[in-house]
Protein chains: 2
Amino acid sequence: MVTTTARDSDLASALVQTMHRLQDLHAETSRPLGLTPQQAHLLCVLITGPLGMTELSRILSIERSSLTSMVDRLERRDLVARVANPADRRACRIELTPAGKDLAHQCHDAVVDRIATLTGDLPAATRTTLTTALKSILTQ
Amino acid sequence: MVTTTARDSDLASALVQTMHRLQDLHAETSRPLGLTPQQAHLLCVLITGPLGMTELSRILSIERSSLTSMVDRLERRDLVARVANPADRRACRIELTPAGKDLAHQCHDAVVDRIATLTGDLPAATRTTLTTALKSILTQ
DNA sequence: TATTGTTATACTCTATAACTATA
DNA sequence: TATAGTTATAGAGTATAACAATA
């Protein structure tokens with residue numbers, strides 16, 4: 001059906017543009033805090049608790065070897081620490097230091113604030129629909 | 001108001017997660033085509049016509065000096081070309097070669113297909129609401 | 001003087017392949 | 001043998017500062 005096809009690509013296009021807009025916004029909020037967007041993402045993922053290298057690499061969608069050097073750099077700045085895992089001597093767990101935790105929360109709050117500003121003009125009903133729709137997309 | 005605050009951060013959180021999901025999807029569709037996500041973005045931006053370095057750097061949100069090396073690499077692969085701008089001898093215009101145009105369209109179509117699959121289960125009314133809401137966010 | 005684009009330099013991000021240590 | 005994480009290496013993305021050519 002022609003109408004449906006047009007509407008699908010409109011939505012896809014809007015989602016792609018939104019992705020780029022949010023990437024920029026994410027970079028703009030990370031930079032003044034002295035972080036790359038990737039570093040900010042890593043720190044924010046650790047807010048809910050320490051993670052092993054393999055699990056963290058899966059969440060961030062990067063290779064473990066790439067993660068090693070990222071963690072090296074953050075550890076040098078005392079933002080994260082490698083902690084031994086008593087249950088498995090091969091493994092370690094990456095956790096936020098107090099300074100890292102503070103910075104992670106600053107990042108998180110700054111991004112949420114910026115996005116809240118962007119979406120503030122939407123009617124409550126639209127925000128609810130949007131949230132529900134996005135969540136359903138994410139669970140696929 | 002507590003309820004509004006909670007709803008705002010839910011939406012912000014859903015948008016951030018969607019951004020990351022779409023970034024992964026974008027990387028996954030670019031890679032088999034032999035492109036990084038940034039290269040794919042650059043090629044797709046040029047689909048609508050040639051652009052100067054300054055304008056292109058603004059659209060991609062990167063410094064002109066960073067763009068120079070990206071264009072160098074794509075030019076070496078004959079995907080883009082630097083064309084002289086007769087109106088201004090300092091400037092050049094970056095345009096897609098036939099191979100670049102082909103690849104750009106492949107990228108674009110692949111991403112739209114993947115996203116259409118993700119959003120295919122949403123009711124038509126929700127898709128419309130979503131599209132309208134995202135467009136209104138983007139114009140801010 | 002201002003603008004367009006490039007060069008030089010230094011980091012960061014990323015993947016692949018090979019490796020060590022432990023399970 | 002399989003898994004957790006690292007090392008070595010190479011290439012790509014990015015910013016800052018300084019520059020050449022043209023407007």
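Below, chain A is the first sequence line, B the second, and so on; all start at residue 1. Source: prediction; values computed, not measured.
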For DNA chain D, find the residues of residues 22-51 of chain A with a heavy-atom distance under 4.0 Å and give them by number; none if there aren't any. A/R31
For the side chain of A/T54 and the base of D/dT3, is some donor closer than 3.5 Å to an acceptor across the two? no
Run the numbers on B/L15 and A/L118 for side-chain contact (heavy atoms from CB on, under 4.5 Å), then give the verdict. CA-CA 11 Å; B/L15 280 167; A/L118 273 186; over 6 Å; no
One should read off an interatomic distance between B/Q23 CD and B/T18 OG1, to the nearest 0.5 angstrom, of 11.5 Å
Take atom CD of A/E63 and atom P of D/dT7, then tell me their distance rounded to the nearest Å. 17 Å
In whole Å, what is the span from the CE atom of B/M53 to the P atom of D/dA15? 13 Å
What integer distance in Å separates B/L56:CG from C/dT4:C1'? 14 Å
May I ask you to say whether A/D88 pairs ionically with A/R93, meaning some side-chain N is under 4.0 Å from a carboxylate O? no
Determine, for nucleotides 18-23 of chain C in 5'-to-3' order, which nucleotides have protein heavy atoms under 4.0 Å from the base (write B), from only the sugar-phosphate (write S), or from neither (write -). ---BBS
Indicate yes or no for a side-chain donor-acceptor contact from B/T97 to the backbone of B/D78 under 3.5 Å, with no hydrogens or angles considered. yes
Specify whether A/H20 and B/H26 have parallel, tilted or perpendicular ring planes, treating 30° as the upper limit for parallel and 60° as the lower limit for perpendicular. perpendicular
Please report the distance, rounded to the nearest Å, between CZ in B/R93 and C1' in C/dT3. 18 Å
Using a 4.0 Å heavy-atom cut-off across all strands, classify A/R82 as base, sugar-phosphate, or nothing. sugar-phosphate
Strictly below 4.0 Å: does A/S66 bring a side-chain N or O up to OP1 or OP2 of C/dA15? yes
Whole-Å gap separating P (D/dT6) and CG (A/D72): 7 Å
Are A/V80 and A/L43 close enough, and set up right, to give a side-chain contact (heavy atoms from CB on, under 4.5 Å), and what steps lead you there? CA-CA 8 Å; A/V80 303; A/L43 294 185; 3.7 Å; yes
Look at the side chain of B/R73 and decide which nucleotide, out of D/dT14, C/dA15, C/dT14, has an atom nearest to it. D/dT14
Between B/D24 and A/S61, is any side-chain donor less than 3.5 angstrom from a side-chain acceptor? yes
For the side chain of A/A91, starting at C-beta, report the closest nucleotide among D/dT16, C/dT14, D/dA4. D/dA4
Whole-Å distance between C/dT4 P and B/N85 CG? 11 Å
Side-chain (B/E55) to main-chain (B/G52) donor-acceptor, under 3.5 angstrom: no
With distance as the sole criterion, do the side chain of A/S69 and the base of C/dT14 form a donor-acceptor contact below 3.5 Å? no
Is A/R64 reaching over with its side chain to a backbone N or O of A/S57, donor-acceptor style, under 3.5 angstrom? no
